[in-house]
Amino acid sequence: MTVQDRTLHNFNILGFQQDLLSWYEANKRDLPWRKDQDPYKVWVSEIMLQQTKVDTVIPYFHNFLEKFPTVYDLAAAEEQEVLKAWEGLGYYSRARNLQHAVREVVEQYNGQVPDNSKDLEQLKGIGSYTKGAILSIAFNKPVPAVDGNVMRVFSRLLNIDDDIAQQKTKKLFEQIIHEVISHEDPSSFNQAIMDLGATVCTPKSPSCLFCPVQEHCQAFALGIEDKLPVKAKAKKNKTISYHVLQIRNENGEVAIEKRSKDGLLANLWQFPMIPVKELNGSPVEEWFYNQYGLRIKMGKKQGQLKHVFSHITWELEVHPAQLIVEDGTNHSLCFVPVEELSSYPFPVSHQKMMQYL
DNA sequence: AACGCGGGGTC
DNA sequence: GACCCAGCGTT
């Protein structure tokens with residue numbers, strides 16, 4: 001059974017393309033990365049837009065392009081500079097992978113973003129969606145760019161109830177778009193689906209009465225648009241408690257450290273964090289000495305905050321502390337003046353704690 | 001195939 | 001609270 005047999009047997013492809021594209025021509029959003037088709041700008045915007053709303057991305061996009069106008073500027077930058085420009089945007093591996101890939105483009109492709117699938121998909125951070133987005137938007141090639149929007153729109157259009165959280169469902173939609181995409185204007189086609197998904201065919205309360213492709217939509221005809229798409233529930237979020245120390249030395253400088261190069265918030269900076277679970281009732285000062293080899297005296301709690309990630313919740317209790325002896329031995333802490341903190345990339349949770357300094 | 005990976009907005 | 005968002009890399 002082919003994709004066409006299962007889903008497209010009664011779908012008016014040419015009529016759909018025409019209705020979609022003429023709606024897009026009249027209603028497309030005015031977005032900063034749509035001013036030209038510079039592949040580098042398209043690339044940066046697509047990485048920023050992964051799991052991130054347009055309104056959040058816009059100021060970051062402007063700032064990033066101002067700091068790193070070309071692949072050469074980004075390739076030459078310090079990673080910490082790039083992370084600083086990404087600070088607050090989340091999913092920081094996107095920034096590190098983007099710079100890694102841009103350096104490869106400079107070295108292997110003479111600074112030209114590849115215009116073919118084979119080369120694009122082996123660049124770090126470019127998966128199936130981003131590859132399709134770059135090829136279609138920047139190079140006008142008829143390649144599917146299937147994201148959450150596309151799966152939502154087409155699950156409703158074609159009444160497909162496969163779980164969109166599954167990998168194989170994304171492949172099904174890529175086959176469908178392969179059949180349906182406009183070869184006349186693939187760039188507008190892919191962007192039109194995204195605009196439609198963002199502004200009309202929304203996750204909740206879609207505006208079917210104003211939908212330019214309503215007459216092509218099976219879910220609307222059946223009155224089941226609010227039942228689609230089907231998506232498996234996410235795993236439950238776990239809570240971890242920490243004491244966070246804002247340690248001053250005799251010069252009033254404050255202690256920060258760089259996080260691991262792997263895992264959560266990789267390579268960002270933070271105030272030292274003590275997992276409450278590891279204390280087992282023993283004093284923080286003792287745990288800290290065993291871990292860092294430095295004597296400190298902890299002060300009274302200054303405040304607390306809760307920070308929710310997609311898969312973890314941090315419960316943070318903020319304490320001031322004083323360094324007793326600077327022994328000059330190896331430890332991972334840097335003592336820096338408070339006014340210099342703004343030059344380091346910090347997670348949002350630690351930015352919020354700076355009010356207690 | 002499942003999981004780790006941010007942060008903000010909406011209802 | 002739960003859910004969503006122009007997903008990807010690792011295991």
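Naming: A, B, ... by sequence-line order, numbering from 1 per chain. Note that the structure is predicted; figures quoted are calculated from it, not measured.
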Separation of B:dG7 atom C1' from A:M48 atom CE, nearest Å, is 14 Å
Separation of B:dC3 P from A:N237 CG (nearest whole Å): 14 Å
Check the angle between the aromatic planes of A:F16 and A:H216 and answer parallel, tilted or perpendicular using the 30° and 60° thresholds. perpendicular
Value in whole Å for how far the C1' atom of B:dG6 lies from CH2 of A:W314: 10 Å
Can you sort out the partners of A:N149 under side chain to side chain contact (heavy atoms under 4.5 Å, CB included), two or more places apart, ordered by chain and number? A:D147, A:R152, A:M194
Once you round to the nearest 0.5 Å, how far does CG of A:L305 lie from CD of A:E317? 10.5 Å
Nucleotide by nucleotide, nucleotides 4-11 of chain C touches protein heavy atoms under 4.0 Å in the pattern (B base, S sugar-phosphate only, - none) BBBBSS--
P atom, B:dG6 versus C:dT11: distance in rounded Å? 16 Å
Rounded to whole Å, CD of A:Q270 lies from P of B:dG6 at a distance of 13 Å
NZ of A:K227: more than 12 outside heavy atoms within 6.0 angstrom? no
From NZ of A:K236 over to P of C:dC3, roughly how many Å is that when rounded to an integer? 12 Å
Starting at atom CG of A:D55, determine the distance to atom P of B:dG8, rounded to an integer number of angstrom. 14 Å
Whether A:K233 contacts C:dC3 is assessed here as follows: a side-chain N or O lying under 4.0 Å from the phosphate OP1 or OP2. Is that the case? yes
Quick one: is B:dC5 close enough that its OP1 or OP2 comes under 4.0 Å of any side-chain N or O from A:H311? yes
If we ignore hydrogens and angles and just use 3.5 Å, is the side chain of A:Y72 paired with the main-chain N or O of A:F68 as donor and acceptor? no
With P as the reference atom in both, quote the distance from B:dC3 to C:dA6 in angstrom, rounded to an integer. 24 Å
Parallel, tilted or perpendicular, judged at 30° and 60°: which one describes the rings of A:Y344 and A:F346? perpendicular
Nearest whole Å is fine: how far is B:dG4 P from A:L265 CG? 15 Å
May I ask you to check whether over 12 heavy atoms, not counting those of A:E78, lie within 6.0 Å of atom CD? no
Closest nucleotide of DNA chain B for A:Q166 versus for A:I312: which of these residues is on the 5' side? A:Q166
Taking CD1 from A:I58 and P from B:dG8, how many angstroms apart are they, rounded to a whole number? 16 Å
